[in-house]
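Inspection log for the structure reproduced underneath, given as structure tokens.
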There are 2 protein chains.
Amino acid sequence: MPSAEELPQCVCGALRTVTRAVTQLYDDAMRPAGLRITQYGLLSRIARLGPVSAAVLVDSLHADQTTLARALKLLEQDGLVRRAPHSDRRAKRIELTAEGGRKLAEARKLWLAAQQRMVGLIGEAEWRAMRGRLNGLLGVAAKESRAAKPRGSP
Amino acid sequence: MPSAEELPQCVCGALRTVTRAVTQLYDDAMRPAGLRITQYGLLSRIARLGPVSAAVLVDSLHADQTTLARALKLLEQDGLVRRAPHSDRRAKRIELTAEGGRKLAEARKLWLAAQQRMVGLIGEAEWRAMRGRLNGLLGVAAKESRAAKPRGSP
DNA sequence: GCCAGATGCATGTATATACATGCTTCACGC
DNA sequence: GCGTGAAGCATGTATATACATGCATCTGGC
């Protein structure tokens, strides 16, 4: 019989275990660029969405606003991202700097190599199937979150 | 057409996004016990494996040794876990305290409720299928890790 | 106009995670 | 017996993540 690694029964525990293992591989791959995979993902998203407010990124990442704020601060310190004034003066206009664009292009090669290797190992179809299931799980979890937070809790 | 949440194409990014969302639900569920889902998972694993060395837990969790060490320190401070001498005097014999056992029993009810709710939402069969795929991915990632580390890198 | 509540961010604190490094102890060849 | 390298942990540092909270600004009702 196949591997049967000792993945927890817990949905969350299983996800966390696999995520730890996979993150290590991607972080290793990105190391030559001096970026973590999380940072690369954020840069890439900013580039794709264009200059945006933090709130847009938060929605898109399903992450806490404070998590994003700290990540952005690091990228700003490294000169890869700029937080410019926004027409809504509460908000910031978040965009890549020129150096951020260059770093992203450099890092994208590393990411692509890691991604292709990973997808090659598990199989293209397998990854499509898994991503679809992950997407469904995200939808369920996001709906639960929205149900728990807005009314009643505060 | 269905949800089509904006999950990244990146294997790692997709996993991290879903893991964040799911972790929030489980952490919320565990809050009445004063435990995070990670801590519950660790307590549960120690209970199931019996008194063990840290190395056994590290293998089982696919986590770094330092990650585990810090998690154990917190549980020890809370009186839930004990690090007793081991026959191999380099190692520690890690085991639950009596209070740790009680806390685990209390927390297990909360976990079970969250788990049943989550599995109910996505469907039992769906979860089995996803867990199998996650298991396969873990196997691949773990093999890659082993291939990258032991020889060549240091 | 003006104020109450909502919205958008930032900061303080705490845990989760990993890398580099160092200390202790063990196992093994000689 | 005695090094020498390996194994098992702990600590320093850095990022990832989230909760509680606070400040500035905006929006709608009056």
Side-chain angles (χ1 to χ4, degrees), chain A residues 12-13 15-17 19-28 30-31 34-42 52-59 61-78 83-94 145 148-151 153-154, chain B residues 12-13 15-17 19-28 30-31 34-42 52-59 61-78 83 85-94 145 148-150 153-154:
Chain A
C12 186
L15 280 170
R16 292 189 74 90
T17 300
T19 300
R20 274 195 299 269
V22 171
T23 296
Q24 299 247 10
L25 295 183
Y26 277 80
D27 271 351
D28 281 351
M30 304 307 294
R31 219 176 301 272
L35 291 176
R36 309 271 186 101
I37 184 60
T38 48
Q39 301 179 316
Y40 169 76
L42 183 49
V52 285
S53 69
V56 171
L57 290 172
V58 160
D59 283 353
L61 290 165
H62 294 268
D64 190 272
Q65 167 259 317
T66 62
T67 300
L68 176 66
R70 258 91 195 219
L72 286 175
K73 191 195 298 196
L74 290 175
L75 293 177
E76 192 174 35
Q77 283 169 5
D78 289 345
R83 282 186 283 191
H86 193 283
S87 56
D88 181 340
R89 286 186 309 174
R90 292 170 302 183
K92 298 293 168 63
R93 176 187 153 94
I94 297 162
S145 268
K149 295 242 185 65
R151 313 286 142 232
S153 37
Chain B
C12 187
L15 281 169
R16 293 189 74 91
T17 299
T19 300
R20 275 194 298 270
V22 171
T23 296
Q24 299 246 10
L25 295 183
Y26 277 81
D27 271 350
D28 281 351
M30 303 308 293
R31 220 178 300 274
L35 291 176
R36 309 270 185 104
I37 185 60
T38 49
Q39 300 178 318
Y40 170 75
L42 183 50
V52 285
S53 68
V56 171
L57 290 172
V58 161
D59 283 353
L61 290 166
H62 294 268
D64 190 90
Q65 167 259 316
T66 62
T67 300
L68 176 66
R70 259 92 195 221
L72 285 175
K73 191 195 297 199
L74 289 175
L75 293 178
E76 192 173 34
Q77 284 168 5
D78 289 345
R83 282 186 283 192
H86 192 282
S87 56
D88 179 342
R89 286 187 307 174
R90 293 170 300 184
K92 299 292 169 60
R93 175 188 154 94
I94 296 162
S145 268
K149 295 245 183 66
S153 39

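Because only heavy atoms are used, hydrogens play no part in the values below, and waters and symmetry mates are left out as well, while side chains stay in. Since the model is a prediction, treat every value here as computed from it, not as a measurement. Residue numbering restarts at 1 for every chain, and letters A, B, ... go by the order of the sequence lines.
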For C:dA18 and B:Thr67 - does any side-chain N or O of the residue sit under 4.0 Å from the phosphate oxygens OP1/OP2? yes

N or O in side chain of B:Arg16 less than 4.0 angstrom from D:dT17 OP1/OP2: yes

Could you give the CD-to-C1' distance, from B:Gln77 to C:dA16, as a whole number of Å? 15 Å

I'd like to know if B:Gln24 reaches the base of D:dA18 with its side chain, counting only an N/O donor and acceptor under 3.5 Å. no

If you assign each of B:Val52 and A:Asp64 to its closest nucleotide in DNA chain D, which residue comes earlier from the 5' end? B:Val52

Side-chain donor or acceptor of B:Gln65 under 3.5 Å from a matching atom on the base of D:dA10? yes

Closest-nucleotide 5' rank along DNA chain C - winner of A:Asp27 and A:Ala91: A:Ala91

According to salt bridge (charged side-chain N to carboxylate O under 4.0 Å, His left out), who are the partners of A:Asp88, at least two apart in sequence or on a separate chain? A:Arg90

Any side-chain heavy-atom pair of B:Arg89 and B:Pro85 under 4.5 Å: no

Excluding sequence neighbours, so at least two apart, what forms side-chain hydrogen bond (donor to acceptor under 3.5 Å, both in side chains) with B:Thr38? none

Using side-chain contact (heavy atoms from CB on, under 4.5 Å) as the criterion, list what pairs up with A:Glu76, not counting sequence neighbours. A:Arg83

A:His86 has an atom NE2; how far is it from atom C1' of D:dA24, in whole Å? 15 Å

How many Å lie between NE2 on A:His62 and C1' on D:dA18, as a whole number? 16 Å

If you look at every heavy atom in A:Leu42 and A:Ala71, which pair is closest and at what distance? CD2-CB, 3.7 Å

Please identify each residue that fulfils side-chain contact (heavy atoms from CB on, under 4.5 Å) with B:Ala21, with sequence neighbours left out. A:Leu138, A:Ala141

Rounded distance in Å - CG (A:Leu25) to C1' (C:dT17): 15 Å

My understanding is that only residues two or more places apart in sequence, or in another chain, count here; which of them pass salt bridge (charged side-chain N to carboxylate O under 4.0 Å, His left out) with B:Asp64? none

Review item, nucleotides 13-15 of chain C N/O atoms under 3.5 Å of protein N/O:
unit_1, atom_1, unit_2, atom_2, d
C:dT13, O4, A:Arg70, NH1, 3.2
C:dT15, O4', B:Arg36, NH2, 3.3

Once you apply a heavy-atom cut-off of 4.0 Å, does B:Thr23 come out as touching a base, just sugar-phosphate, or nothing? nothing

Between P on C:dA10 and CG on A:Leu68, what's the gap in Å once rounded to a whole number? 9 Å

For A:Arg31 and C:dA18, what is the distance between atoms CZ and P respectively, to the nearest whole Å? 11 Å

Will you find, in the side chains of B:Thr23 and A:Arg16, an N or O donor that is under 3.5 Å from an N or O acceptor? yes

Not counting sequence neighbours, which residues clear salt bridge (charged side-chain N to carboxylate O under 4.0 Å, His left out) with A:Arg31? List them please. A:Asp28

Between C:dC19 atom C1' and A:Met30 atom CE, what is the distance in whole Å? 18 Å

Are OP1 or OP2 of C:dC9 and a side-chain N or O of A:Arg83 less than 4.0 angstrom apart? no

Does any N or O donor sit under 3.5 Å from an N or O acceptor when you compare the side chain of A:Thr66 with the base of D:dA18? yes

Could you tell me which residues satisfy side-chain contact (heavy atoms from CB on, under 4.5 Å) with A:Arg70, sequence neighbours excluded, listed by chain and number? A:Thr66

Let me know the distance between OH of A:Tyr26 and P of D:dA16, rounded to the nearest Å. 17 Å

Any side-chain N or O of B:Lys73 less than 4.0 Å from the OP1 or OP2 oxygen of D:dT11? yes

Nucleotide N/O to protein N/O under 3.5 Å, stretch nucleotides 25-27 of chain C:
unit_1, atom_1, unit_2, atom_2, d
C:dT25, O2, B:Arg90, NH1, 3.3
C:dC26, OP1, B:Arg89, N, 3.2
C:dC26, OP2, B:Arg89, NH2, 3.4

